[in-house]
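Both ligands and their constituent atoms are indexed starting at 1 by order of listing.
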Amino acid sequence: MHTNITSYIFVLMKLTEYFVPTLKEEPADSVIPSHKLMVRAGMIRQLTAGVYSYLPLGLKVFKKIENIVREEMNAIGGNEFYLPALSPNELWHQTGRLEDYGDDIFRIKNRELVLAPTHEEVFTSIAKPNLISYKDLPKIWYQIQTKFRNEARPRGGVLRGRQFTMKDAYSFDATWEGLDESYNKNDKAYRNIFTRSGLKFFVVSAFSGAMGGSKSEEFMVETEAGEDNVALSEDNSYASNVEVAVSYCETVARKNSNLSLEEFHTPDIKTIDELAGFLGITDKSRLAKSRVFVIPGKEEKDNKYVEVLVCGDDEVNETKLHNIFSGIRAAHPDELSEITGADAGSIGPVGVEGKLKVIADLRLKEADELISGANKNDYHVKNIDLKRDVPGIEYFDIRTVKEGELTLDKNSKLRITKAIEVGHIFKLGTKYAEALGAKYLDKEGKEQVIIMGSYGIGIERIAAAYIEQNYDKDGIIWSGEISPFHVQLICVNTKLENVKQKADSIYNDFIKLGIEVLYDDRGDISPGFKFKDADLLGMPLHVIVSEKNLKNDEVEVKIRRTGERMKIPLAEINSKIPELLKNIN
Ligand code: ATP
Ligand code: MG
């Protein structure tokens with residue numbers, strides 16, 4: 001247990017004075033456990049879609065998380081800032097992000113301002129006139145501050161809000177090696193933060209998307225409520241977002257039979273499954289699925305077209321495709337027929353040279369005896385030999401991995417599961433410094449662009465993710481440092497003078513011992529209701545003071561996570577409770 005809790009966090013509370021409006025009913029629009037429980041436990045209330053008020057108990061948890069984040073960021077030499085949420089449009093124009101963000105950014109209508117969704121631009125604008133020599137570098141700057149994002153589908157309570165608190169950090173370095181070092185420091189801080197927050201997490205390498213830059217890793221928490229699909233190896237040696245995951249896959253064997261191409265009629269056959277059924281075959285690996293994509297040029301006439309082949313039992317992974325051909329998009333149906341002469345169900349790789357570049361997944365490397373569309377509606381071709389019949393074909397890893405496949409080293413199997421991102425670390429490189437002209441003078445007096453990293457953590461999302469991993473049918477199960485209180489003290493018979501007095505004195509003892517205690521001293525509430533509330537709120541230990549127990553000079557203690565109950569003699573409370581807390585946390 002950490003003892004250096006700030007006085008802000010260390011509030012002592014009696015339920016007669018503390019506003020914790022618990023609810024029996026689940027909120028109508030809630031679908032995920034953490035959302036239901038945070039509302040029912042009186043931690044948050046929705047104001048409007050994706051926007052929440054933090055009530056005292058919720059705020060206490062968020063502040064504890066902030067405190068952990070602050071300690072760990074300070075430990076790697078981070079400097080804490082606090083930047084405004086209002087930010088001039090002009091700044092966002094300069095990096096092109098006003099346009100990139102589109103509808104996802106909140107714009108202030110009567111001023112040329114946005115509500116910042118992140119702070120690369122503002123931090124860089126501070127770096128620009130201040131970090132001017134190699135001697136000013138490196139720096140790690142951070143803040144814990146409110147972000148605004150016009151999320152299309154805010155959901156899951158504070159898991160995905162339109163207003164939320166982020167710890168965002170930015171590193172400024174003179175060299176790429178320096179960036180590696182800053183990145184590794186943040187990586188270490190993140191591992192400490194999530195461990196101290198009680199999360200079971202893993203790290204995946206991630207595609208860096210619209211942010212630009214090179215290396216990027218996401219800290220993920222496995223939960224049904226997650227929106228990302230991730231591939232995890234059973235031996236925990238591999239974790240990756242499915243968008244970029246790789247696996248070991250046998251290639252489709254080359255038969256070298258040199259059979260000639262043969263067109264055949266396939267009336268009304270549109271899908272691979274229909275084709276397999278029509279041909280009466282179960283192994284779809286030789287049914288090459290063809291899709292057409294467009295790499296848009298400056299004008300339509302400059303567009304380039306790519307036909308992408310994968311095995312019939314595979315799916316094209318569009319993120320992988322983007323990583324090879326940036327800006328690529330699927331062709332529209334009319335573009336498709338114009339270029340290939342056929343509709344989606346009948347396109348194929350033969351005879352398209354000059355019009356389309358053909359690429360195939362590595363599984364199809366130099367495969368033969370393939371079947372694919374004939375670029376003529378309702379016709380397919382068999383005996384396609386990619387080596388013989390598709391000049392200029394290139395091979396890339398462009399398929400999506402599947403559950404049960406082997407890892408690349410063949411040592412373990414992949415499983416696919418859902419997860420939510422709680423943190424993101426990112427080697428930005430020079431994108432923002434370049435756009436905003438943030439430069440420094442190196443040792444030789446030469447001007448160089450500052451090299452940046454950016455590092456984000458969602459504060460409320462940590463709390464929600466923790467609850468997703470720690471609850472049961474009765475409520476939340478807190479433990480460790482982010483637990484709002486260590487103990488819930490329950491006075492069962494408040495009307496009885498001696499019971500109330502004893503409970504009061506235990507409360508005061510706990511305070512002296514530095515135990516954070518939530519004291520249910522409410523008079524007009526039945527014992528059953530108090531126990532239900534205590535389970536819902538989920539403090540790690542419940543200490544129950546009742547007339548019955550006091551007759552035996554003892555109290556009852558319940559461990560919330562296991563439900564285990566025990567009696568502790570009154571004389572031993574002050575030694576036993578701290579010991580129990582140490583053991584269960
Ligand atoms: P997501 O893919 O979930 O939208 P993101 O990639 O947009 O996340 P970043 O821009 O990297 O997230 O933000 C850093 C961190 O801020 C995330 O790891 C997450 O913990 C948190 N975060 C992002 N968006 C939200 C949101 N709408 N509500 C709550 N927390 C958020
Ligand atoms: Mg997002």
Query raised in the report: Any idea which part of M166 is under 4.0 Å from ligand 1, heavy-atom wise: side chain, backbone, both or neither?
Result: side chain
Query - Close approach of L159 to ligand 1, heavy atoms, under 4.0 angstrom - result: yes
Requested in this report: For atom CD of E224, decide whether the heavy atoms of other residues, nucleotides or ligands shown that lie under 6.0 angstrom number more than 12.
Outcome: no
Query raised in the report: Which atoms of ligand 1 sit under 4.0 Å from any heavy atom of E151?
Result: 24 (N), 26 (C), 27 (N)
Query raised in the report: So which of E121, R107, E90 actually passes side chain to side chain contact (heavy atoms under 4.5 Å, CB included) with L98?
Result: R107
Query raised in the report: Is G458 close to ligand 1, meaning an N/O of one under 3.5 Å from an N/O of the other?
Result: yes
Query raised in the report: Should one rank H424, Q163, R149 by closest heavy-atom distance to atom 10 (O) of ligand 1, which comes out on top?
Result: R149
Report summary line: Near V158 (heavy-atom distance under 4.0 Å), the atoms of ligand 1 are 29 (C)
Query raised in the report: Is the CD atom of E80 crowded by more than 12 outside heavy atoms at less than 6.0 Å?
Result: yes
Requested in this report: Work out whether the distance between some heavy atom of I420 and some atom of ligand 1 is less than 4.0 Å.
Outcome: no
Requested in this report: Compute the shortest N/O to N/O distance between F164 and ligand 1 and return yes if it is under 3.5 Å, no if not.
Outcome: no
Report task. Compute the ring centroids of Y466 and W478, then answer whether they are less than 6.0 Å apart. Result -> yes
Report task. Give the atoms of ligand 1, by number and element, whose distance to some non-hydrogen atom of R160 is under 4.0 Å. Result -> 1 (P), 3 (O), 4 (O), 26 (C), 27 (N), 28 (N)
Query raised in the report: Can a non-hydrogen atom of T118 be found less than 4.0 Å from any atom of ligand 1?
Result: no
Query raised in the report: Are there more than 12 heavy atoms of other residues, nucleotides or ligands under 6.0 Å from atom CZ of F396?
Result: yes
Query raised in the report: Side chains of K147 and D168: closer than 4.5 Å at any heavy-atom pair?
Result: yes
Report task. Output all residues satisfying salt bridge (Lys or Arg N to Asp or Glu O under 4.0 Å) with K289, sequence neighbours left out; order by chain, then residue number. Result -> E315
Query raised in the report: Any idea which part of D168 is under 4.0 Å from ligand 1, heavy-atom wise: side chain, backbone, both or neither?
Result: neither
Query - G161 N/O under 3.5 Å from ligand 1 N/O - result: yes
Query raised in the report: Considering residues at least two apart in sequence or located in another chain, which fulfil the ring-ring contact (aromatic ring centres under 6.0 Å, His included) criterion with Y440?
Result: none
Query raised in the report: For F172, is the NZ or CZ atom of K139 found under 6.0 angstrom from the centre of its six-membered ring and inside 45 degrees of the ring axis?
Result: no
**Report entry** Subset of ligand 1 atoms that lie under 4.0 Å from at least one heavy atom of G423
**Finding:** 18 (O)
Report task. Could you list the atoms of ligand 1 found under 4.0 angstrom from a heavy atom of V422? Result -> 18 (O), 20 (O)
